Amino acid sequence: MSGKSVSPSGAAFDHVAPAYDAEATYLEISRWIRALVWERLAELFSAGDHVLEIGCGTGEDAIWLARRGVSLTASDASAAMLDEARRKAEQAGVSDLIAFRQLDLATVETWNLPAATFDGAISNYGPLNCIGDWTALGRTLAGAVRPGGRLGLAVMGPFCAWETVWHALHGDLRTATRRWRGRTTASIGGVSFPVYYPTPARLARELGPAFQRRRLSGLGVWLPPSDLYAALGKRSRLARGLLRLERLTAARWPFPYLGDHYWLEMQRVR
Ligand SMILES: C[S@@+](CC[C@H](N)C(=O)[O-])C[C@H]1O[C@@H](n2cnc3c(N)ncnc32)[C@H](O)[C@@H]1O
């Protein structure tokens with residue numbers, strides 16, 4: 001096992017690593033949403049590229065990219081999540097293409113990445129929500145990603161229509177509006193940590209002028225967020241209809257601002 005996790009969010013995921021895939025990754029709707037991300041990753045990166053992944057979790061995206069010939073530095077704050085990812089990469093026969101590193105966003109200034117070597121960086125399903133200021137990350141990425149390189153980031157935004165409507169209808173106004181303050185406290189595996197919800201504009205601004213926005217779409221606009229999956233998962237015809245709506249509308253205003261996550265692509269321009 002790698003070293004101990006530094007920040008509370010990393011330590012929290014240490015507790016859930018062995019069950020994470022069964023409880024999150026392998027849910028049907030979860031797979032559909034990841035497939036939408038993979039469509040974008042296929043546009044962004046091709047065989048021979050070298051990509052930095054931030055908050056790789058159990059390695060689903062790193063393994064998918066490695067199978068397509070992309071090499072990765074896949075990082076996470078949680079030692080236990082990295083252990084899962086390493087095990088799965090070995091099983092998938094792609095471990096020679098993935099270098100795993102324990103990197104914590106809380107100490108991004110100390111990552112010491114080689115200059116301008118990456119063709120891009122990705123972060124899927126909310127690792128960037130574990131910090132409340134993205135300027136230091138922007139500086140690190142501006143140093144490590146080559147000019148022209150791309151970022152693909154899936155981040156929880158401050159307004160999720162599903163969450164608001166669902167919890168309001170169930171009389172839980174506190175949960176319905178929890179993101180609106182821009183910060184909540186999450187508890188995973190008995191460990192509490194702050195979660196931040198930047199708007200796409202704030203995230204792009206704090207990542208700095210080296211990166212320019214290229215694409216913004218919603219993720220989980222019509223398909224519900226993970227804590228509501230169970231309620232919908234049994235109604236598969238409805239879920240498939242929602243997937244069709246998701247595909248049709250997610251990149252059109254105002255839908256990028258209404259999903260559980262948004263997908264922000266940026267390019268290094270200077
Ligand atoms: C919801 S999971 C997403 C994992 C993976 N990207 C995926 O798509 O399944 C969030 C991940 O962020 C990691 N994480 C939490 N806090 C972090 C931090 N401060 N620095 C880096 N990674 C962190 C967690 O360990 C966890 O693996």
Side-chain angles (χ1 to χ4, degrees), residues 1-27 29-41 51-66 72-89 98 100-111 113 121-134 136-137 140-141 151-157 160 183-189 191-198 219-220 225-227 229 260-264:
M1 178 143 154
S2 332
K4 206 167 169 281
S5 300
V6 182
S7 51
S9 53
F13 279 92
D14 279 344
H15 292 278
V16 295
Y20 180 84
D21 279 341
E23 288 172 9
T25 312
Y26 298 150
L27 301 178
I29 291 176
S30 208
R31 283 180 190 274
W32 292 352
I33 291 179
R34 195 177 295 278
L36 296 172
V37 169
W38 286 350
E39 283 174 22
R40 294 310 309 156
L41 294 184
V51 170
L52 171 69
E53 180 167 14
I54 300 164
C56 67
T58 59
E60 283 291 298
D61 298 330
I63 291 166
W64 187 83
L65 280 168
L72 295 105
T73 297
S75 70
D76 201 285
S78 161
M81 293 296 259
L82 284 169
D83 284 344
E84 279 296 306
R86 213 176 274 114
R87 184 185 60 74
K88 285 167 62 181
I98 310 177
F100 290 101
R101 281 191 64 187
Q102 189 176 17
L103 298 177
D104 193 321
L105 280 160
T107 53
V108 65
E109 300 89 346
T110 66
W111 283 6
L113 299 169
I122 62 168
S123 186
N124 192 7
Y125 274 136
L128 298 195
N129 294 95
C130 296
I131 50 173
D133 185 317
W134 297 268
L137 175 65
T140 294
L141 291 177
L151 308 183
L153 311 170
V155 181
M156 288 183 282
C160 168
R183 183 195 152 136
T184 59
T185 300
S187 180
I188 294 181
V191 181
S192 297
F193 59 93
V195 177
Y196 302 89
Y197 301 94
L219 267 182
S226 52
D227 51 338
Y229 282 165
D260 185 26
H261 291 72
Y262 54 83
W263 176 253
L264 175 65

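Just so you know, these numbers use all the heavy atoms, side chains as well, and skip hydrogens, waters and symmetry mates. Every number for a ligand or one of its atoms is a count from 1 in the order of the listing. Please read these numbers as outputs of a predicted model, since none were measured by experiment.
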Tell me, please: is [X] in heavy-atom contact with ligand 1, that is, under 4.0 Å?
{"X": "G126", "answer": "no"}
{"X": "F193", "answer": "no"}
{"X": "E60", "answer": "no"}

Next item on the list: Indicate the ring-plane relationship of F13 and F193, choosing parallel, tilted or perpendicular according to the 30° and 60° boundaries.
Entry: tilted
Can you name the nearest heavy-atom pair linking [X] to [Y], along with the distance?
{"X": "V195", "Y": "M156", "value": "CG1-CE, 4.0 Å"}
{"X": "A22", "Y": "L27", "value": "O-CD2, 4.2 Å"}
{"X": "W111", "Y": "D104", "value": "NE1-O, 3.0 Å"}
{"X": "A89", "Y": "I98", "value": "CB-CD1, 4.1 Å"}

Next item on the list: Could you tell me the separation between the OG atom of S7 and the CG atom of L105, rounded to the nearest 0.5 Å?
Entry: 7.5 Å
Notebook entry, point to check: At what distance, to the nearest 0.5 angstrom, does OG1 of T25 lie from CZ of R31?
Noted result: 8.5 Å
What atoms of ligand 1 come within less than 4.0 Å of a heavy atom belonging to [X]?
{"X": "D104", "value": "18 (C), 19 (N), 20 (N)"}
{"X": "C130", "value": "15 (C), 16 (N)"}
{"X": "G10", "value": "16 (N)"}
{"X": "N124", "value": "3 (C), 5 (C), 6 (N), 7 (C), 8 (O)"}
{"X": "S7", "value": "19 (N)"}

Item checked: Part of F13 within contact of ligand 1 (heavy atoms, under 4.0 Å) ->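 Side chain only; the backbone of F13 stays clear of ligand 1.
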Notebook entry, point to check: Is it the side chain, the backbone, both or neither of C56 that has a heavy atom closer than 4.0 Å to ligand 1?
Noted result: backbone
Notebook entry, point to check: Any nitrogen or oxygen of G55, main chain or side chain, under 3.5 Å from a nitrogen or oxygen of ligand 1?
Noted result: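 Yes; at least one N/O pair falls below 3.5 Å.
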Check: What do you reckon, does T25 have a nitrogen or oxygen under 3.5 Å from a nitrogen or oxygen of ligand 1?
Finding: no
Check: Can a donor-acceptor pair be found between the side chains of W38 and D61 at a distance below 3.5 Å?
Finding: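 Yes, a side-chain donor-acceptor pair sits under 3.5 Å.
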Next item on the list: Please determine, by modelled atom types, if Y197 and T184 share a side-chain donor-acceptor pair under 3.5 angstrom.
Entry: yes
What residue and heavy atom of the protein are closest to [atom], and at what distance?
{"atom": "atom 1 (C) of ligand 1", "answer": "Y125 O, 3.2 Å"}
{"atom": "atom 22 (N) of ligand 1", "answer": "A77 N, 3.4 Å"}
{"atom": "atom 3 (C) of ligand 1", "answer": "Y20 OH, 3.4 Å"}
{"atom": "atom 16 (N) of ligand 1", "answer": "S9 OG, 2.7 Å"}

Note to self: Donor-acceptor pair, distance only, cut-off 3.5 Å: does the side chain of K88 make one with the backbone of I63?
What the structure shows: no
Check: Where the closest heavy atom to atom 14 (N) of ligand 1 is concerned, which of L105, L103, D76, I122 has it?
Finding: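 That would be D76.
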Margin query: Which option wins on minimum heavy-atom distance to atom 9 (O) of ligand 1: M156, E53, R34, H261?
Written below: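 Comparing heavy atoms across M156, E53, R34, H261, the nearest one to atom 9 (O) of ligand 1 lies in R34.
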Next item on the list: List for me each residue that meets side-chain hydrogen bond (donor to acceptor under 3.5 Å, both in side chains) alongside R101, sequence neighbours excluded, and say none if there are none.
Entry: none
